[in-house]
Structures are given as C-alpha cells and as structure tokens.
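Naming: A, B, ... by sequence-line order, numbering from 1 per chain.
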Protein chains: 2
Amino acid sequence: MRNRLKDVAERAGVSVKTVSNVVNGYAHVRPETRARVEEALAELNYRPNLSARSLRSGRTGVIALAVPELDIPYFAELARHVVDAAATHDWTVLIDQTGGVPERERVVADGVRGQLIDGLIFSPLALTGAELARRADPRPMVLLGERDDHGPLDHVAVDNVAAAREITTHLIASGRRRIAAIGAQRATSGASASMRLTGYKQALAAEGIRFDPRRVASAANWHRADGATAMARLLESGVRPDAVFCFNDTLALGAMRALHEHGLRVPDDVAVAGFDDIEDGRFSVPTLTTVVPDKAEIARLAVELLAKRLATGSDGAPAELTAGYRVDLRESA
Amino acid sequence: MRNRLKDVAERAGVSVKTVSNVVNGYAHVRPETRARVEEALAELNYRPNLSARSLRSGRTGVIALAVPELDIPYFAELARHVVDAAATHDWTVLIDQTGGVPERERVVADGVRGQLIDGLIFSPLALTGAELARRADPRPMVLLGERDDHGPLDHVAVDNVAAAREITTHLIASGRRRIAAIGAQRATSGASASMRLTGYKQALAAEGIRFDPRRVASAANWHRADGATAMARLLESGVRPDAVFCFNDTLALGAMRALHEHGLRVPDDVAVAGFDDIEDGRFSVPTLTTVVPDKAEIARLAVELLAKRLATGSDGAPAELTAGYRVDLRESA
DNA sequence: CAGACTTTCTACAACGTTGTAAAGATGGTC
DNA sequence: GACCATCTTTACAACGTTGTAGAAAGTCTG
C-alpha cells in the first residue's frame with residue numbers, strides 16, 4: 001500500500017524519472033505516456049514521500065508558529081489566520097506552545113524543531129528582540145506583537161499606542177473622567193503593556209485629564225482571574241473609576257465579573273473597554289467594546305515576510321510592518 | 001552553518017557512523033572518542049536532519065491532531081493535552097482544522113499530510129465511523145469523541161450518556177422540574193447530541209418526570225449565538241423552564257446571555273448546566289456548573305493507542321476506551 | 001598462548017526523490 | 001537526404017541518515 005515512484009513506473013512501463021516528471025507537471029511528456037502514468041498513479045494511490053522530497057530539496061514545506069498558549073483565544077484565532085495564509089504557499093503550519101516561559105521560548109527560537117521547519121513565526125512573551133536575535137538557528141524568523149526592542153528581526157505588529165489612545169479617547173468622549181487602566185507590567189516584561197499604557201496616558205493628556213497612577217492596576221498575567229483581582233483591588237482601594245480600559249479582552253471579562261460581584265453595572269456605573277477582539281467578548285453580558293486588530297492582515301504579512309526571506313536566502317534589512325485595527329463600539333462602553 | 005554528520009566526523013577525525021553512534025547513544029564507543037565527538041558536535045552546533053532520518057527510518061515523529069476548530073475552547077484545551085501526551089513519546093503534533101466540513105474531514109482522513117505524519121488523532125464532526133473506515137490512507141488513526149457508529153477504528157470517549165444523566169439528575173435533585181435541553185441535532189449528524197439527549201431523558205425517567213419534547217431546543221451548531229437563539233426560542237414559545245441543560249458550555253454561555261436579556265436571573269429563576277468545562281465557564285457570571293471530561297486522560301489514551309498501533313504494525317482488533325469525567329457544581333445550578 | 005569472545009570503529013548500501021546530462025527519436029529546413 | 005533543433009525519455013548521482021556486516025584491536029578462558 002506504500003507506493004513509490006518505482007512501483008508506479010513499473011506499472012506504467014516507464015522510468016522512475018518520467019513518473020516524477022508527470023507528478024511535477026513537467027511539460028515535455030507525450031500525452032499517451034502521461035495518460036498511462038496518471039492511470040498507474042491513480043490505481044496505486046500514489047503519495048509522494050515528503051521526507052525524501054525534503055531531503056532532496058532542503059525544504060520541508062512546514063513552518064512553525066510559536067505562541068504562548070492556544071487556549072488564549074487571541075492566539076487560537078491568530079493561529080487559524082496563519083494557517084490560512086500559509087496555505088496559499090502550500091505550507092503546513094506546526095504550532096508550538098511556549099507557555100510564555102523564557103526557557104521554552106529560547107528553545108523554540110534555537111530550533112527545537114531541528115530541520116523539520118523552514119521558518120518560524122514567533123510571538124514571544126518573555127524574551128526581548130535582542131535576546132532572540134542571538135539565537136543559534138539560522139532559519140528565518142518573523143516576530144509578532146509589539147516590541148519596543150525588536151532587534152534586527154522581521155516584525156509585524158499593530159500600532160498599539162494609537163489603538164490604546166483611540167479607545168481611551170472614546171471613553172472620555174462618552175463622558176467618563178475617572179478612567180482606570182488594568183494590565184500594566186514591569187517595563188522589561190511587557191512591551192504590549194507599556195505601549196497600551198502610553199496610549200492611555202496620551203489620550204488623557206490630550207483631553208486635559210491628569211494622569212493618576214493610583215488608577216492603574218498591574219497584572220502579571222492577562223487571564224480572567226488577573227482582571228478580576230485587579231478590578232477588585234481598584235474598587236477596594238477607594239479610587240472610584242467610572243470607566244476602565246483593560247489591556248486585553250480577557251482581563252476585561254474578568255474585570256466585568258468583579259464589577260458584577262461588587263454590585264456595579266456595566267456600562268451604567270462603570271464603562272469597560274478591552275483590546276484584542278476575542279470571540280467571547282462578542283457574546284459576553286454586556287458585549288465588550290474593544291480594539292479589533294486585523295488578525296488576518298497580521299498573519300498574511302508575517303507569512304509573506306517569511307516567504308521573502310526563504311526566497312532571497314535571508315539577506316536584506318529587517319522589515320517592520322504595521323497591520324491595521326479598528327475600535328468596535330459595543331455595549332460595555 | 002548547516003552542519004552534517006560528515007562535518008562533525010571530519011572535525012573529530014572519525015567516521016560518519018561513529019558520530020551517528022555517539023548522537024544516538026550507542027554504548028560501545030571509547031570514552032575518549034565520545035568526548036572528542038561531543039566536542040565537535042557542540043562546536044558545530046550539530047542538528048540532525050529530520051528529513052534524512054525519516055527517510056531512513058520510515059517514521060517522521062510527527063502525528064496529526066485533526067479537530068473542527070482551535071478557537072472552540074474545548075479543542076484548544078484538548079490540543080494542549082495531546083501535545084503534552086505526545087511529548088512523552090518525543091512526538092511533534094501537527095494540528096489540522098477541518099471546520100467540521102465533510103469534504104475537509106475526508107481529505108484529512110485520506111492523508112493530506114501525505115508522508116509527513118506517522119498517525120492521526122481525529123475528532124470528526126461530520127463524518128461517521130463507517131465513512132472514515134473506508135479511507136485510502138493506511139496510517140493508524142484514533143477517533144476522539146463519542147460515536148454511536150465508530151466502525152472498525154480505535155476510539156476514545158467519555159461516557160456521554162452517564163455524564164448527561166448525572167448532571168440532569170443534579171438539576172432535579174436541586175428541586176427543578178421543568179428542565180429544558182439545548183443542543184439537540186438530527187440523529188445522523190451528532191452522536192454527542194443524541195447521547196447527551198439520551199442521558200437527559202434517562203434522568204427524567206428515573207425521577208418520574210415526563211419527557212416533554214417542547215422543552216428540547218435544537219442547535220445546528222454549538223456556538224454561543226446558537227445557545228442564545230435557542231434559549232430565546234424556548235422562552236418565547238411559552239414553555240417556562242426552571243432549568244436548562246445545554247449540551248456544551250458554549251451553548252450554556254449563550255443561553256445565559258439570552259436569559260439575562262429576558263430579565264431572568266441565573267440560577268434563581270433558571271438554573272443552567274453545561275458540558276465540557278471550558279475555561280470561560282469558570283469565570284462567567286455566574287460561574288457555570290458543568291460536566292468536566294478528563295481531557296488529559298483522553299489525550300493520553302489516544303496517544304497510547306496510536307503508539308501501540310505504530311509499534312505492532314496496525315494489527316489487532318479496534319480498541320474502544322473510556323475516559324473519566326466528573327460533574328463540577330458551581331454557581332449556575 | 002591458542003582460541004573464542006567482546007569492544008571499537010568503519011565502509012557500504014539503502015531509504016525515495018529530483019536535477020543534470022545525455023541518448024534516442026522526431027520533425028523541419030535547405 | 002544531411003543537418004540541426006526540439007521533444008521525449010532515461011541513467012545516474014546526490015540529499016543526510018543509520019542498519020548490516022565485517023575488520024581490527026583488545027580481553028578473557030583454560
């Protein structure tokens with residue numbers, strides 16, 4: 001049942017190379033020969049051996065996508081877009097989960113996958129661009145997500161500062177003045193966090209609202225539980241926000257739960273805004289106003305960067321591409 | 001930078017095969033030789049070429065996991081467990097998303113991945129076991145999820161009937177009598193649906209409550225929107241349920257949203273129970289009472305079935321394994 | 001210390017594929 | 001009909017790895 005070119009060749013009465021030529025659509029094959037070969041191909045249900053092809057060609061047709069966790073909805077959705085974008089190049093995507101753990105991230109960047117993959121699309125959480133740049137693996141890598149320091153590496157992100165500014169401005173425009181923020185992190189660990197915080201501050205400044213550090217709650221992780229505890233901390237600390245900008249949707253959903261537990265209504269008492277547009281936010285109670293990054297564009301740009309590196313043999317200055325976003329106003333703010 | 005055994009061998013002054021022996025931990029290598037080779041290995045940062053290994057061995061060390069969609073939380077969580085279980089065999093997992101589309105499912109079963117994979121763990125939505133059994137690909141395949149008809153194929157599932165019965169019984173025990181169900185499907189398309197419906201009916205019967213078909217709402221898909229519309233349909237049809245068993249958590253979250261919109265409180269007015277234990281349900285308002293399948297066990301059993309097939313060359317009668325579950329009582333019921 | 005056995009290392013071949021080069025067939029031109 | 005160009009097909013080698021078989025050197029047994 002495991003059929004090789006050789007078996008097909010014998011059945012069709014031609015050489016192995018002729019079968020190979022037919023399989024690969026080489027033009028100069030006599031029509032009758034082609035027909036005979038195709039018949040044999042079908043009868044034997046021939047499938048090319050990809051290992052042999054890869055060995056011969058030096059390409060596997062597989063790229064890796066490394067993300068912190070697939071059960072973070074943002075990354076699950078992103079993964080699907082990457083798979084779709086890769087399919088246009090006939091590439092298979094292998095997904096690696098790093099857990100955001102530095103050690104695992106380093107191992108992935110250094111090429112755990114060995115010669116299994118042609119390139120890597122990487123959304124790191126713990127490692128900086130500079131750390132990643134001095135990796136041992138020569139295969140091309142594209143970084144996803146905003147980094148202040150992305151080293152000499154190709155890179156795709158949305159303009160986080162602008163997006164955060166825009167959604168904060170919306171909160172102000174709808175009459176809120178005591179706007180809290182949830183999700184800040186130590187500068188070293190989270191570029192997303194610091195950029196979103198910057199956008200938030202810029203919006204306040206532009207509208208002449210004084211920035212109050214007591215209204216900013218940090219969150220080491222960005223899961224629901226973190227959002228809930230951060231919100232609770234804010235409420236119990238005595239700052240009485242009338243709105244909160246959460247640095248991602250998951251935090252926002254957690255924050256809404258905490259607000260609910262404190263007997264506060266959303267958006268009546270406190271408006272809530274998020275970031276990422278995960279599916280849950282479209283069905284939460286109330287639905288979540290959020291920044292919608294163009295995930296399909298992010299995926300497409302990343303795959304195309306990789307394709308360019310693979311085509312040109314990795315040289316050329318690092319590219320830094322920006323994908324689009326929009327703010328979707330729903331019920332929560 | 002791309003180093004082969006040959007380069008290492010030259011550097012260490014030994015034959016290619018000796019390097020291979022060191023890399024593979026062959027015992028009979030003189031310690032000094034081993035040390036010299038290991039030094040060369042490190043200096044050149046040798047990585048084995050997996051394509052060549054696969055070609056030689058006939059094994060790729062990659063298994064595929066085919067699921068409907070990764071942004072369905074249940075499958076994202078399951079995927080992580082499968083990756084972990086596969087890691088114990090040093091296998092890499094390649095995830096395929098079928099979208100639940102029959103054509104895509106057929107293509108996956110017939111081996112799109114060609115010779116890239118050693119085996120397949122498949123959670124089909126559209127195709128029956130019998131349809132899947134007559135596939136063209138000879139590689140071992142393990143089915144996940146309950147099927148009434150799973151053909152002559154290895155298969156891992158939890159006892160859906162028992163689990164549905166148990167959680168419905170809990171609803172009854174807590175005093176509910178007008179218990180609705182959301183998620184029924186035409187018998188042909190959804191074995192999960194029909195088994196959960198069966199468990200629901202059994203629980204009613206055991207407690208002497210007459211089954212009322214008007215209290216059962218169907219849902220072609222099991223997304224939030226489907227749960228919300230199904231719940232709304234029930235409420236507007238005049239049946240006044242005091243509880244609802246949703247055939248998965250996502251439906252339940254959608255149903256809770258619809259209840260909220262109709263001004264009904266959960267669990268005070270209507271208790272809600274789900275199935276799957278997705279992370280969202282642990283943070284929803286209120287948190288969701290649900291059936292918790294042992295996803296780690298499902299993954300482990302599936303991977304081990306695959307390992308057994310690969311070791312024994314695919315013969316032996318199809319196995320049918322059952323993984324555990326428990327009912328987690330939270331706020332919603 | 002002969003013989004048998006073990007340890008250490010190596011050459012070779014094969015896994016299935018495709019690029020190269022070249023041979024043979026066909027067709028066209030003068 | 002000789003020549004050249006193009007079409008069609010083929011043999012061969014190579015991609016990097018590892019199993020097999022065997023050579024050479026070392027160790028043990030009686």
*Asks:* Within less than 4.0 Å of OP1 or OP2 of C:dC9, is there a side-chain N or O belonging to B:R30?
*Replies:* yes
*Asks:* Between B:R104 (side chain only) and B:Q97 (backbone N and O only), is there a donor and an acceptor less than 3.5 Å apart?
*Replies:* yes
*Asks:* Against B:F122, only a single residue in B:T98, B:L65, B:V142, B:V67 fulfils side-chain contact (heavy atoms from CB on, under 4.5 Å); can you say which?
*Replies:* B:T98
*Asks:* Between A:R139 and A:D118, does any NZ, NE, NH1 or NH2 come within less than 4.0 Å of an OD or OE carboxylate oxygen?
*Replies:* no
*Asks:* Aromatic rings B:W91 and B:H89: how do their planes relate, parallel, tilted or perpendicular, breaks at 30° and 60°?
*Replies:* parallel
*Asks:* Between A:T33 and D:dT9, is there a side-chain N or O to OP1/OP2 distance below 4.0 Å?
*Replies:*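 Answer is yes, contact under 4.0 Å.
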*Asks:* State whether a side-chain donor-acceptor pair under 3.5 Å links B:S54 with B:S51.
*Replies:*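 There is no such pair between these side chains.
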*Asks:* Quick one: bend of the helix from C:dC1-D:dG30 to C:dC30-D:dG1 from 5 pairs per end, to 10°?
*Replies:*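 Taking five pairs per end, the axes differ by 40°.
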*Asks:* Looking at A:R80 and B:D71, is any side-chain nitrogen of the basic one under 4.0 Å from a carboxylate oxygen of the acidic one?
*Replies:*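 Result for this pair is yes, salt bridge flagged.
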*Asks:* Test your reading of the model: is there a side-chain donor-acceptor pair from B:R36 to the backbone of B:R11, 3.5 Å cut-off?
*Replies:* no
*Asks:* Is the shortest side-chain heavy-atom distance between A:I63 and A:L94 below 4.5 Å?
*Replies:* no
*Asks:* I need a per-nucleotide contact map over nucleotides 11-20 of chain C, read 5' to 3'. Cutoff is protein heavy atoms under 4.0 Å; write B for the base, S for backbone only, - otherwise.
*Replies:* B-BBBBBBBB
*Asks:* Could you state the NE2-C1' distance from B:H28 to D:dG22, rounded to the nearest angstrom?
*Replies:*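 So the two atoms are 15 Å apart, to the nearest Å.
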